[in-house]
Amino acid sequence: MNKLRALIAAAVLGAVSFPASTAVAQAPSPEVEAKARALFNAGVDDYKQKRYLAAAQSFVGAHEMVPNSSLLFSAAQAFRRAFEEDQQEQSLAMAARYYRRYLDEVSEGKKRMQAAKALGELKPYLEGLEVDETQEMKFPTRVNVRSSVPGAVVELDGGPAQALPFS
């Protein structure tokens with residue numbers, strides 16, 4: 001199952017699986033790394049379900065806990081897909097921001113070319129944009145429910161039962 005998740009992340013998001021280690025000054029605690037991994041996995045699930053802003057939120061959150069350039073690329077991809085669907089300037093600005101951050105951190109590799117190409121494709125949309133790319137996006141509150149129990153469901157606020165994972 002974990003191999004499948006990593007393959008999906010690599011194929012769909014263009015990112016490698018969640019990093020086992022990071023290049024930060026101080027390694028995160030196992031608890032922080034586990035929380036970041038859970039956010040990454042929720043992002044992969046949301047991306048597969050075409051909930052791109054939710055996916056971006058998860059990737060950004062995971063990156064804040066465990067900085068890794070692959071998470072920047074995944075966030076950029078999710079924001080770009082969100083823009084393709086919602087045509088919101090904020091989604092576009094965040095896609096550009098995270099592609100640029102990725103390009104600033106990564107000096108070589110295939111994903112660098114993909115990021116530069118995607119940023120170039122967004123350039124016509126960015127001209128005349130009045131949204132501040134430096135401002136973090138304010139995401140709505142989200143609930144993610146996951147379970148290892150086969151067939152588990154969740155009901156929220158008296159709504160219909162939803163299969164897990166649920167976001």
Side-chain angles (χ1 to χ4, degrees), residues 5-19 22-26 28 32-146 156 165-167:
R5 183 173 301 283
L7 288 172
I8 289 169
V12 175
L13 303 174
V16 295
S17 62
F18 190 82
T22 61
V24 294
Q26 184 176 9
V32 169
E33 193 163 313
K35 287 179 183 178
R37 186 178 308 277
L39 275 175
F40 172 78
N41 290 337
V44 170
D45 290 339
D46 284 330
Y47 194 98
K48 288 189 313 184
Q49 296 298 318
K50 298 183 179 185
R51 294 186 298 253
Y52 299 119
L53 284 179
Q57 181 180 13
S58 293
F59 297 138
V60 168
H63 182 268
E64 288 172 357
M65 292 179 191
V66 181
N68 181 277
S69 59
S70 294
L71 293 168
L72 294 174
F73 185 84
S74 295
Q77 292 284 85
F79 279 122
R80 181 174 60 122
R81 295 282 186 234
F83 171 70
E84 290 170 357
E85 287 198 351
D86 66 20
Q87 296 294 298
Q88 296 295 311
E89 288 184 347
Q90 189 68 38
S91 298
L92 172 62
M94 291 298 99
R97 175 187 184 171
Y98 282 93
Y99 280 128
R100 286 186 182 115
R101 285 184 64 187
Y102 177 80
L103 291 169
D104 287 345
E105 286 189 17
V106 177
S107 59
E108 59 186 36
K110 166 174 98 166
K111 299 291 184 250
R112 182 173 170 70
M113 290 189 310
Q114 286 179 292
K117 180 181 178 195
L119 192 54
E121 291 171 354
L122 294 177
K123 190 173 183 174
Y125 298 102
L126 291 165
E127 293 173 6
L129 185 66
E130 295 185 21
V131 174
D132 182 3
E133 279 183 42
T134 62
Q135 179 112 15
E136 280 294 336
M137 186 164 193
K138 295 197 180 1
F139 293 103
T141 301
R142 244 178 3 125
V143 174
N144 287 310
V145 183
R146 304 172 69 80
L156 288 173
F166 174 79
S167 179

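Computation of the quantities below employed the complete heavy-atom set of this structure, encompassing side-chain atoms and omitting hydrogens, waters and symmetry-equivalent molecules. Model, not experiment: these values are computed from the prediction.
The minimum heavy-atom distance between Leu39 and Gly61, with the atom names listed, is CD1-C, 3.6 Å. Pairing each heavy atom of Arg80 with each of Ala95, the nearest pair is N-CB, 3.6 Å. Minimum interatomic distance between Ala82 and Ser91 (heavy atoms only, all atoms of both residues): CB-OG, 4.0 Å. Taking each heavy atom of Asp46 and Ala55 in turn, the nearest pair found is CB-N, 3.7 Å. Closest approach of Ala96 to Leu122, counting heavy atoms only: N-CD1, 4.4 Å. The heavy-atom pair separating Ala36 from Val66 by the smallest distance is CB-CG2, 3.5 Å.
In this structure, CZ on Phe40 lies 9.5 Å from CG on Asn68, to the nearest 0.5 angstrom. Residue Met94 holds its CE atom at 13.5 Å from OH of Tyr99, rounded to the nearest 0.5 Å. Considering CZ of Arg51 and CD of Glu85, their distance stands at 12.0 Å, rounded to 0.5 Å. Distance check: Glu84 CD to Leu92 CG gives 10.5 Å after rounding to the nearest 0.5 Å.
In this structure, His63 and Val60 have side chains that are not in contact, with every pair of non-hydrogen atoms separated by 4.5 Å or more. In this structure, Tyr102 and Leu119 have side chains that are not in contact, with every pair of non-hydrogen atoms separated by 4.5 Å or more. Gln114 has its side chain within reach of Phe73: a pair of non-hydrogen atoms, C-beta onward, lies under 4.5 Å apart. Looking only at side-chain heavy atoms (C-beta outward), Leu72 and Val106 stay at 4.5 Å or farther from each other. Side-chain atoms of Gln77 and Phe59, non-hydrogen and from C-beta on, never get closer than 4.5 Å to each other.
Checked against the 6.0 Å centroid criterion, the rings of Tyr52 and Tyr47 qualify as a close aromatic pair. Here Phe83 and Tyr125 bring their ring centres to under 6.0 angstrom of each other.
The existence of a salt bridge linking Glu127 and Lys123 is excluded, since no basic side-chain nitrogen approaches an acidic carboxylate oxygen closer than 4.0 Å.
For Glu108, the CD atom sits in a loose shell: 12 or fewer heavy atoms of surrounding residues, nucleotides or ligands are nearer than 6.0 Å.
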Give the intermediate values and the outcome of salt bridge (charged side-chain N to carboxylate O under 4.0 Å, His left out) for residues Glu33 and Arg37. CA-CA 6 Å; Glu33 193 163 313; Arg37 186 178 308 277; 3.5 Å; yes

